[in-house]
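Chain naming here is simple, since letters A, B, ... match the order of the sequence lines and numbering starts at 1 in each.
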Number of protein chains: 2
Amino acid sequence: MKKENTSQGVKEIARRANVSTATVDRVLHNRTGVSEKTKKRINEIIKELDYQPNLLASRLASKKIISIAIVIPSVSEETDFWEAPLRGVRRAEAEIKQYGVSTQVFFFDLNDKDSFSGKIAEVLRGDFQGVLISPSYIEETTKFAAECELRKIPFVFIDSNIPELHSLSYIGPHLFKSGYVGAKLLTYRLERDKKILIINISKEIDNFNYQKIEEGFRSYFQDRGQSGEIVRIDIRETDYQSVARHLTYVFHLNKDIGAAFVTNSRVHTVASFLKNSHRTHVSLIGFDFISENVAYLENNVIDFLICHRPEDQGYRGIMALYQTLVVNAQVSKLSYMPIDIVTKENYEFYHN
Amino acid sequence: MKKENTSQGVKEIARRANVSTATVDRVLHNRTGVSEKTKKRINEIIKELDYQPNLLASRLASKKIISIAIVIPSVSEETDFWEAPLRGVRRAEAEIKQYGVSTQVFFFDLNDKDSFSGKIAEVLRGDFQGVLISPSYIEETTKFAAECELRKIPFVFIDSNIPELHSLSYIGPHLFKSGYVGAKLLTYRLERDKKILIINISKEIDNFNYQKIEEGFRSYFQDRGQSGEIVRIDIRETDYQSVARHLTYVFHLNKDIGAAFVTNSRVHTVASFLKNSHRTHVSLIGFDFISENVAYLENNVIDFLICHRPEDQGYRGIMALYQTLVVNAQVSKLSYMPIDIVTKENYEFYHN
DNA sequence: GCAATTTACGGGCACGTGCCCGTAAAGGTA
DNA sequence: TACCTTTACGGGCACGTGCCCGTAAATTGC
């Protein structure tokens, strides 16, 4: 019921080394003002005792506040996907606020590259010790990463990754495998000799993410030696009218499409089209647990949603920075999220 | 970069109330020795300031250690399922050890009611402020819960629930819906007019858990007006030989079984049987991400595993007790885990 | 009315760490 | 030698809370 009473921590080290706690403190934070000799002696004792600083006392005594910037897309009419990571960020924040961590969120417009540039510039102008960012634009992110590296500011990528940049960590899906799983699920309701349609709806052109998903998707069929015809279409406008126009055309050209795979969360737009054009026999699969999609899941228009625990991504992203900046612990560089399969039957229990 | 310098907390309350911090402290911990008048005055100020105690300082100053008992089945040769919740418990422990929380795990033998009774008696003999328990035996758990209530010790159920008892929280699956999802998945590969076999392998007789799963399973078919024949079998021995014997008999009687649904994690035993008897055309679904099952998932013998984030269950269980005992916060009484669908294609990313 | 007890409160140390400030000693410059 | 700078360290307060101990004041008993 009582804690053991052995004197602990810095004091004990100081006692053994015949120095004051201030000197030990200097060694621990490798500040100047300690002779090599005593420094070595103290370090040995630290190792010997396997000293772990008391975070409680440390954070209590310290007046430093650690600020983390979060750069993510704003919730748009098109998608409320980023609500979930934001919830995770808030949850993490509430947990570690006590330790003197504060966060500031910068929302950019996913359809506007300039707003992204603007926000990262704003972050760099501010005084942040860590950054959690969704690297939506490669070129801009690359510049940003270089600047962070220069200033020794750790940054974490969530939801999509740019492996070449030295992020502290990537937290998000394994895209290739997600596509692979999507293909597997598609085959369940797919009738023989029917065509498969891959739909990519996105304003961005350099979407290497979707490529990886598509590769995974196709590789499933290659692995099984199945080579039913796969049609693909890129749609560069995200509004319903444009999507419907393109799809009408594709379905006109290909009468025997049995299944459609949408490479991102805009599957609800396709679902809407399928429903309106009475094509609900087409098996439909897409990504992300957003309310519009869930509605069509409920309707049986969407068969499966593939999800990557967006809330957890936000939570883990902040926690990774916390581990690095406060606890001074290692974090794994690559943290792939589970590929969750959400259906009409289990969605009500899906957390986020 | 610096924390604001406004004097905070107990001191500020004391200053405003014209009393010492000790008196405020007495009110906060409603100890005796404060007149009604000042008590009221202080409470008003506390409310006004919306005072939140600083956990860091509180835990640092306090010498009290909070002990939590965990009562779960040991990992047996039959299943390593409980490894995962234990990992979650350990993870939570590591996180909150700093706050003076210690845990002690009591393993019982899932096939031995007496070992369960023995362990809960041991817990009651010890000095624990909270209990996380898998309520495997109803009668014994009921007695235990009564005793806990008497002593005002909060207890949390994980993995299975006994709703009548006043647990602080239940953390685990919604069994009915899990069965429902199982049925949905089973239909994907099921050919028309084939029979479905429900297999229940368990030594325990009063397994109301399995009943709920089976109800959910059957209700899926009822909802859809499908009434393909469903055969069920109870097997009271868990070793392979016994299971194989029973199954041989059932498959002999029913030549046209197209799918099998196992109501718990022993699906690997059935998988083994199906493989050995060259019946892998039978669609097979069961529960839990344990290594034996994953092996058969990899083999294509098991089609789907339904999982309930066992590691998370352990983690959340401890955290619920921590919230109650240390933070003094509310926790939700019912915390259903997601019904995760695990396949050959996505299992490698499943966290636990 | 006086001693004994109880009530109601304040003073102040402790928890382990961070960090400011002071200072003796060593070294450098004229 | 006198004065200044640098190095190497110790003293000690602060963070916000818990809680022991001491003590006036109020209450009780006779």
Side-chain angles (χ1 to χ4, degrees), chain A residues 1-43 46 49-66 97-101 325-328, chain B residues 1-43 46 49 51-66 97-100 325-328:
Chain A
M1 198 67 180
K2 295 273 175 186
K3 288 182 186 168
E4 331 82 78
N5 222 354
T6 58
S7 102
Q8 280 195 356
V10 175
K11 266 187 202 160
E12 175 65 13
I13 298 171
R15 198 183 58 78
R16 295 203 190 195
N18 264 325
V19 294
S20 74
T21 59
T23 303
V24 176
D25 191 71
R26 276 183 270 264
V27 173
L28 282 171
H29 299 82
N30 48 309
R31 270 175 277 154
T32 57
V34 189
S35 69
E36 280 305 318
K37 217 173 58 182
T38 48
K39 191 175 188 174
K40 200 185 157 198
R41 195 168 75 243
I42 290 173
N43 270 324
I46 288 174
L49 292 182
D50 185 30
Y51 168 72
Q52 305 286 50
N54 184 323
L55 258 191
L56 264 68
S58 169
R59 286 275 93 202
L60 181 62
S62 169
K63 283 187 173 297
K64 267 203 208 101
I65 288 233
I66 286 172
K97 199 170 51 185
Q98 308 246 16
Y99 292 96
V101 178
L325 295 168
V326 180
V327 186
N328 224 331
Chain B
M1 199 63 181
K2 294 274 175 185
K3 288 182 186 170
E4 329 83 78
N5 223 351
T6 58
S7 101
Q8 280 194 357
V10 175
K11 265 187 203 160
E12 176 64 14
I13 298 171
R15 198 183 59 78
R16 295 203 190 195
N18 264 325
V19 293
S20 74
T21 60
T23 301
V24 176
D25 191 72
R26 275 183 270 263
V27 174
L28 283 171
H29 299 82
N30 49 311
R31 269 176 276 154
T32 58
V34 189
S35 69
E36 280 305 318
K37 216 174 57 183
T38 48
K39 191 174 186 174
K40 199 184 158 199
R41 193 168 77 243
I42 291 174
N43 269 324
I46 289 175
L49 293 181
Y51 167 71
Q52 305 286 51
N54 184 322
L55 260 189
L56 264 67
S58 168
R59 287 274 92 202
L60 181 62
S62 169
K63 285 185 173 298
K64 270 205 206 100
I65 288 234
I66 285 171
K97 199 170 51 185
Q98 308 244 19
Y99 293 97
L325 295 168
V326 180
V327 186
N328 224 332

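- Protein atom CZ of A:R15 is 19 Å distant from nucleotide atom P of D:dC9, rounded to whole Å.
- Scanning residues 34-42 of chain A for heavy-atom distances under 4.0 Å to DNA chain C yields an empty list.
- Note on B:D25: a base of the nucleic acid sits closer than 4.0 angstrom, heavy atoms only.
- Atom C1' of nucleotide D:dT17 and atom NZ of B:K64 are separated by 12 Å, given to the nearest angstrom.
- For the pair A:K11 NZ and D:dG11 C1', the interatomic distance rounds to 13 Å; values are reported in whole Å.
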Quiz item: Are B:K39 and B:I42 close enough, and set up right, to give a side-chain contact (heavy atoms from CB on, under 4.5 Å), and what steps lead you there?
Solution: CA-CA 5 Å; B:K39 191 174 186 174; B:I42 291 174; 6.0 Å; no

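- Between A:H29 and the phosphate of C:dC19, there is no side-chain N or O to OP1/OP2 separation shorter than 4.0 Å.
- Put simply, B:Y51 has no side-chain N or O that comes within less than 4.0 Å of OP1 or OP2 on D:dG16.
- For A:S62, counting side-chain heavy atoms from C-beta on, the closest listed nucleotide (C:dG18, C:dG10, D:dT17) is C:dG18.
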Practice problem: Evaluate the criterion side-chain contact (heavy atoms from CB on, under 4.5 Å) for residue pair A:K11 and A:R15; output intermediate values, then yes/no. | Solution: CA-CA 6 Å; A:K11 266 187 202 160; A:R15 198 183 58 78; over 6 Å; no

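- As rounded to whole Å, 17 Å separates atom C1' of C:dT17 from atom CD of A:Q98.
- Summary of the strand contacts: B:R26 and B:Q52 both lie near DNA chain D, and taking for each the nucleotide with the nearest heavy atom, the more 5' one is attributed to B:Q52.
- The distance from atom CG of B:L56 to atom P of D:dT17 is 10 Å, rounded to the nearest whole Å.
- Using modelled atom types, no side-chain atom of B:R59 and backbone atom of B:Q98 make a donor-acceptor pair closer than 3.5 Å.
- Minimum atom distance to the side chain of A:A22 is reached by C:dC19, of the listed C:dT17, C:dC19, D:dC15.
- OP1 or OP2 of C:dG10 lies within a sub-4.0 Å distance of a side-chain N or O belonging to B:T23.
- A:L56 and B:L60 get closest at one heavy-atom pair: CD2-N, 3.6 Å.
- For B:I13 and D:dT17, the CD1 to C1' distance is 11 Å, given to the nearest whole Å.
- Nearest heavy-atom pair, A:V327 versus A:L55, reported as atom, atom and distance to 0.1 Å: CG2-CD1, 3.9 Å.
- Contact between the side-chain N/O atoms of A:S58 and the OP1/OP2 oxygens of C:dT17 is not found at any separation under 4.0 Å.
- The 5' end of DNA chain C is approached more closely, in terms of each residue's nearest nucleotide, by B:N18 than by the other of B:N18 and B:A61.
- Of the candidates D:dC9, D:dG18, C:dT17, C:dT17 carries the atom nearest the A:N54 side chain, counting heavy atoms from C-beta on.
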Quiz item: Hey, mind stepping through A:T38 and A:V27 against side-chain contact (heavy atoms from CB on, under 4.5 Å) and telling me if it holds?
Solution: CA-CA 9 Å; A:T38 48; A:V27 173; over 6 Å; no

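- If you take CZ on A:R31 and OG1 on A:T23, they are separated by 10.5 Å, rounding to the nearest 0.5 Å.
- Atom P of nucleotide D:dC20 and atom CZ of B:R31 are separated by 8 Å, given to the nearest angstrom.
- Between the C1' atom of D:dG16 and the OH atom of A:Y99 lies a distance of 15 Å, rounded to the nearest Å.
- Taking the side chain as every heavy atom from C-beta outward, B:K40 and B:N43 never approach each other to under 4.5 Å.
- The base of C:dG18 lies outside donor-acceptor range of the side chain of A:R59, with no N or O pair under 3.5 Å.
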